[in-house]
Amino acid sequence: MASSPEDHPSPDAADVRAVKVQYYAQLREEVGRSGEAVESRATTVAELFEELDRRYDFSVAPDDLRVAVNGSFADWDAALSSQDLVVFIPPVAGG
């Protein structure tokens, strides 16, 4: 029986995670949209942020953000899986 490419996916394709990212406040302004689908080799939330920071040159450091994955606050070293929804939450100003 002949094998197909789907039987033996390349290691590179297996490393890519398709995640959705949402941005709020100044991050949304810097990116120019409220969210996007991202294909990434990042394995953690921190690595994903670094990748996006290189792309958009964010003005907010990770220490000043909170992050949520699939609706729950998460640590920066949280593992990413395909189809995760990642939300970067900037500090809220005001009184």
Side-chain angles (χ1 to χ4, degrees):
M1 179 175 184
S3 65
S4 69
E6 291 80 24
D7 294 336
H8 304 285
S10 71
D12 290 340
D15 293 341
V16 175
R17 290 160 186 79
V19 298
K20 294 180 181 175
V21 181
Q22 288 184 342
Y23 306 101
Y24 291 97
Q26 67 247 52
L27 294 182
R28 180 179 57 222
E29 293 174 17
E30 292 171 5
V31 172
R33 58 186 157 221
S34 61
E36 64 182 327
V38 175
E39 290 190 356
S40 173
R41 295 185 190 284
T43 60
T44 66
V45 173
E47 290 176 5
L48 177 63
F49 184 83
E50 290 171 10
E51 181 179 308
L52 295 170
D53 189 31
R54 285 191 297 274
R55 185 182 307 171
Y56 297 116
D57 192 25
F58 293 134
S59 63
V60 182
D63 289 344
D64 296 328
L65 296 171
R66 303 270 326 252
V67 63
V69 177
N70 300 326
S72 298
F73 285 113
D75 293 327
W76 286 94
D77 60 353
L80 281 180
S81 299
S82 282
Q83 307 306 315
D84 278 349
L85 172 61
V86 179
V87 182
F88 296 113
I89 307 163
V92 177

Let me check something: any side-chain donor-acceptor pairs from residues 18-30 under 3.5 Å, sequence neighbours excluded? List them with distances.
from: Q22; atom 1: OE1; to: Y24; atom 2: OH; distance (Å): 3.3
from: Y23; atom 1: OH; to: E36; atom 2: OE2; distance (Å): 2.6
from: E30; atom 1: OE1; to: S59; atom 2: N; distance (Å): 3.1
from: E30; atom 1: OE2; to: S59; atom 2: N; distance (Å): 3.4
from: E30; atom 1: OE2; to: S59; atom 2: OG; distance (Å): 2.3

Review item, side-chain donor-acceptor pairs of residues 61-81, under 3.5 Å, at least two apart:
from: N70; atom 1: OD1; to: L85; atom 2: N; distance (Å): 2.8
from: N70; atom 1: ND2; to: D84; atom 2: OD1; distance (Å): 2.8

**Message:** When you compare the side chain of F88 with that of V60, does any pair of heavy atoms fall below 4.5 Å?
**Reply:** no

**Item:** Pair V38-E51, side chain to side chain contact (heavy atoms under 4.5 Å, CB included): steps then yes or no
**Value:** CA-CA 10 Å; V38 175; E51 181 179 308; 4.1 Å; yes

**Item:** Candidate pair V31 and R55, rule side chain to side chain contact (heavy atoms under 4.5 Å, CB included), full reasoning
**Value:** CA-CA 9 Å; V31 172; R55 185 182 307 171; over 6 Å; no

